[in-house]
A.B. asks: 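Sharing a structure below in structure tokens format, with a few things to ask.
Letters A, B, ... mirror the listed sequences (proteins, then strands); counts begin at 1.
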Protein chains: 2
Amino acid sequence: MMNMIQRKTRNPEQTRNDLLDAAYHEILESGFQAASLERILANTSVSKGALYHHFGTKRDLGLAVIEEVIGPQLEERWFTMLAQHDNPISGLYNLIAEKISHADESVIRYGCPLNNLIQEMSPLDESFRQGLQKIIERWVEVVAEALKEGQSAGQVRPDSNPEDIALYIVASIEGCVGLGKNAQSINAYQRCLRQLQVYIQSLAV
Amino acid sequence: MMNMIQRKTRNPEQTRNDLLDAAYHEILESGFQAASLERILANTSVSKGALYHHFGTKRDLGLAVIEEVIGPQLEERWFTMLAQHDNPISGLYNLIAEKISHADESVIRYGCPLNNLIQEMSPLDESFRQGLQKIIERWVEVVAEALKEGQSAGQVRPDSNPEDIALYIVASIEGCVGLGKNAQSINAYQRCLRQLQVYIQSLAV
DNA sequence: GAAGATACCGACCAAACGGTATATTGTCAA
DNA sequence: TTGACAATATACCGTTTGGTCGGTATCTTC
């Protein structure tokens, strides 16, 4: 076979990561169903053969993006930061504050990758739903755990259910991001999150 | 041409409504991009020719669903009901209570048609975004207006911005529906909305 | 009742899609 | 050095997609 324009050296790990990264962005921009493998390949200079060597189907690629890109991303940016504060109220408050001040264009334009996939895929594919749900549950659990410790330390009002509140906080965040995205407005995004801050402060004892 | 199996009598309005209704359900189940015209046609016994007589493109059909189905649906179920209460706190509270008790399977499975389309389409098509944003703005406006009147009547705390709170409430609702959908859990859905009720009550003077 | 407009029909089309088959090349253990 | 296998390349395939087109039936108007 002629004209084999191949990569100079083999690097399967790099190839796999390139694919995951390109797939992540393609999915963020177009959604999973409308994500085009051809476009992903064009953005990575990876051949179709290589793609199907690393991932059995488009679906497998999507599931890998959830598990290996979106999950870890949230874990880093959110969960470890929350653990650094010894007061959950100020911890959550500061986390939201950071979201408010770092309102970059990508969030306003494309919203939250996790929420996007939830709305699109969770009714259509049980494996997707479970992969996404695992991340959500972890998120809620981390917030709930912080609130519980805050209750023990007398920082959080004891008359409230940490699990329920954590669930609601996560829901509100996704809601704020979603509305900011549709308004295409940093202002709406910030105003919405600001109210969440007010709510969070009301949890203090 | 032989074998023209046509509808017995013409009824352009009915045909159009049938198409809008079927498209609404198809979009709710699959999203807009993955919505199949063939499937819509199969569910309506309308021919492709008839479809393209009433709607210029698939995009036009989608925009019509937003404007003529989703918009009015929310207007009926929400906006008129809120106007019936003379206290916005109890009005909003009851509206959420109704959502909690009427947690039908469709909401848990498919979520909110408005939010689904926002997350999928608003970054991809400016006309979609504007159509959806019009509905969101109306929603926020109705809630904000009710809160303002409540402030005047001394029912709502005066130290808060009705527009911001209204935005946040709408965002929270969408967030709760979205999480309930991903958890596939009526329980999570209800617990989440229950916290929103608590928040709403905290707005009372 | 003829003419013109409106509504509807179904075969067809090009493009894009995810996926497969087969060939080739790099890597590394034996 | 060689044999085996992992990694990569590309041509190709069947299906589905949104959309078009020439034609027909029905309704309205004069």
Side-chain angles (χ1 to χ4, degrees), chain A residues 1-24 26-27 29-65 117 120-121 124-125 127-128, chain B residues 1-24 26-27 29-65 117 120-121 124-125 127-128:
Chain A
M1 196 174 292
M2 301 272 86
N3 271 334
M4 300 281 275
I5 303 168
Q6 293 184 174
R7 311 191 136 191
K8 289 143 204 168
T9 69
R10 279 191 177 172
N11 194 339
E13 258 188 63
Q14 166 100 35
T15 300
R16 211 187 115 97
N17 286 339
D18 286 354
L19 286 170
L20 282 176
D21 186 63
Y24 168 78
E26 172 72 10
I27 290 171
E29 291 174 22
S30 303
F32 174 75
Q33 296 178 101
S36 160
L37 294 183
E38 307 287 346
R39 236 166 344 194
I40 291 171
L41 296 177
N43 286 335
T44 48
S45 313
V46 168
S47 70
K48 190 166 265 194
L51 188 155
Y52 275 93
H53 173 74
H54 288 282
F55 303 96
T57 61
K58 182 189 180 186
R59 185 166 169 268
D60 290 343
L61 177 58
L63 291 171
V65 166
L117 278 172
E120 180 188 3
M121 293 304 297
L124 294 180
D125 190 303
S127 295
F128 271 74
Chain B
M1 195 177 292
M2 301 272 84
N3 272 334
M4 300 282 274
I5 303 166
Q6 294 185 174
R7 309 190 138 191
K8 289 145 202 166
T9 66
R10 277 192 177 173
N11 196 339
E13 259 186 63
Q14 166 99 36
T15 301
R16 212 188 115 95
N17 285 340
D18 285 355
L19 285 169
L20 281 175
D21 186 62
Y24 168 78
E26 172 72 11
I27 290 172
E29 290 174 23
S30 303
F32 174 75
Q33 295 180 101
S36 161
L37 295 183
E38 307 286 345
R39 238 168 332 185
I40 291 171
L41 296 177
N43 286 335
T44 47
S45 312
V46 168
S47 70
K48 189 163 265 195
L51 189 154
Y52 275 93
H53 174 73
H54 287 282
F55 302 96
T57 61
K58 183 189 180 187
R59 185 166 169 269
D60 290 343
L61 177 58
L63 292 171
V65 166
L117 278 172
E120 179 189 4
M121 293 305 295
L124 295 179
D125 190 303
S127 295
F128 271 74

A.B. asks: Can you confirm whether L51(A) sits close enough to T44(A) that some side-chain heavy atom of one is under 4.5 Å from a side-chain heavy atom of the other?
C.D. replies: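 Sidechains of T44(A) and L51(A): no contact.
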A.B. asks: For a quick check, tell me whether the side chain of R10(B) and the base of dT26(D) share a donor-acceptor pair closer than 3.5 Å.
C.D. replies: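 Flag set: donor-acceptor pair detected.
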A.B. asks: Could you please spell out the steps behind the side chain to side chain donor-acceptor pair (under 3.5 Å) verdict for Q33(A) and E120(A)?
C.D. replies: CA-CA 8 Å; Q33(A) 296 178 101; E120(A) 180 188 3; 3.2 Å; yes
A.B. asks: Sequence neighbours left out, what passes side-chain contact (heavy atoms from CB on, under 4.5 Å) with A42(B)? Give chain and number order.
C.D. replies: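 So A42(B) forms no side-chain contact (heavy atoms from CB on, under 4.5 Å) with any residue.
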A.B. asks: If you round to the nearest 0.5 Å, how far is CG of L61(B) from CD1 of I27(B)?
C.D. replies: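 Reported value, rounded in 0.5 Å steps: 6.0 Å.
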A.B. asks: Please round to the nearest 0.5 Å and tell me the distance separating atom CG of L19(B) and atom OH of Y52(B).
C.D. replies: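 One finds 11.5 Å between CG of L19(B) and OH of Y52(B).
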A.B. asks: Report yes or no: do D18(A) and Q14(A) form a side-chain donor-acceptor pair below 3.5 Å?
C.D. replies: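 Indeed, the side chains of D18(A) and Q14(A) share at least one donor-acceptor pair under 3.5 Å.
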A.B. asks: Does E26(B) reach the main-chain N or O of L37(B) with its side chain, forming a donor-acceptor pair under 3.5 Å?
C.D. replies: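 Judged by distance alone, no pair lies under 3.5 Å.
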A.B. asks: What contact category does A35(A) fall into here, base, sugar-phosphate, or nothing, at under 4.0 angstrom with non-hydrogen atoms?
C.D. replies: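 Answer is sugar-phosphate: A35(A) comes under 4.0 Å of backbone atoms only.
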A.B. asks: Are OP1 or OP2 of dT17(D) and a side-chain N or O of S36(B) less than 4.0 angstrom apart?
C.D. replies: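 Yes, within the criterion.
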A.B. asks: Could you tell me the separation between the CD atom of Q33(B) and the P atom of dG18(C), rounded to a whole number of Å?
C.D. replies: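 Going from Q33(B) (CD) to dG18(C) (P), I get 12 Å.
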A.B. asks: Phosphate oxygens OP1/OP2 of dA7(C): is one of them under 4.0 Å from a side-chain N or O of T15(B)?
C.D. replies: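 Result: no.
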A.B. asks: Report the distance from atom CZ of R39(B) to atom P of dT15(D), rounded to the nearest whole Å.
C.D. replies: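 The answer, rounded to whole Å, is 17 Å.
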A.B. asks: Write down the distance between CG (L37(B)) and P (dT15(D)), rounded to a whole number of angstrom.
C.D. replies: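 Distance check: L37(B) CG to dT15(D) P gives 20 Å.
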A.B. asks: Using a strict heavy-atom distance below 4.0 Å, which residues from residues 47-59 of chain A are in contact with DNA chain D?
C.D. replies: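 When residues 47-59 of chain A is checked for heavy atoms under 4.0 Å from DNA chain D, the hits, listed by number, are S47(A), K48(A), G49(A), A50(A), H53(A), H54(A).
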A.B. asks: Starting from C1' on dG18(D), measure out to CD1 on I40(B) and report it in whole angstrom.
C.D. replies: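 My rounded result for the distance is 11 Å.
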A.B. asks: Quick one: pull up CD1 in I40(B) and NZ in K58(B) and give me the separation to the nearest 0.5 Å.
C.D. replies: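 Here the interatomic distance stands at 7.5 Å.
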A.B. asks: Between the protein and nucleotides 28-30 of chain C, list the N/O to N/O atom pairs that are separated by less than 3.5 angstrom.
C.D. replies:
none

A.B. asks: If I take atom CZ in residue F32(B) and atom P in nucleotide dG18(D), what distance separates them, rounded to the nearest angstrom?
C.D. replies: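 In whole Å, dG18(D) P and F32(B) CZ are 9 Å from each other.
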A.B. asks: Would a 4.5 Å heavy-atom cut-off, applied to side chains only, mark V65(A) and F55(A) as touching?
C.D. replies: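 The answer is no, as the side chains (C-beta and beyond) never meet within the 4.5 Å cut-off.
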A.B. asks: Roughly, in whole Å, what's the span from CZ in R16(A) to C1' in dT8(D)?
C.D. replies: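 Interatomic distance, CZ of R16(A) to C1' of dT8(D): 16 Å.
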A.B. asks: Write down the distance between CD (Q14(A)) and P (dA7(D)), rounded to a whole number of angstrom.
C.D. replies: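 The answer, rounded to whole Å, is 14 Å.
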A.B. asks: Separation of L19(B) atom CG from dC8(C) atom C1', in whole Å?
C.D. replies: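 These atoms are roughly 11 Å apart.
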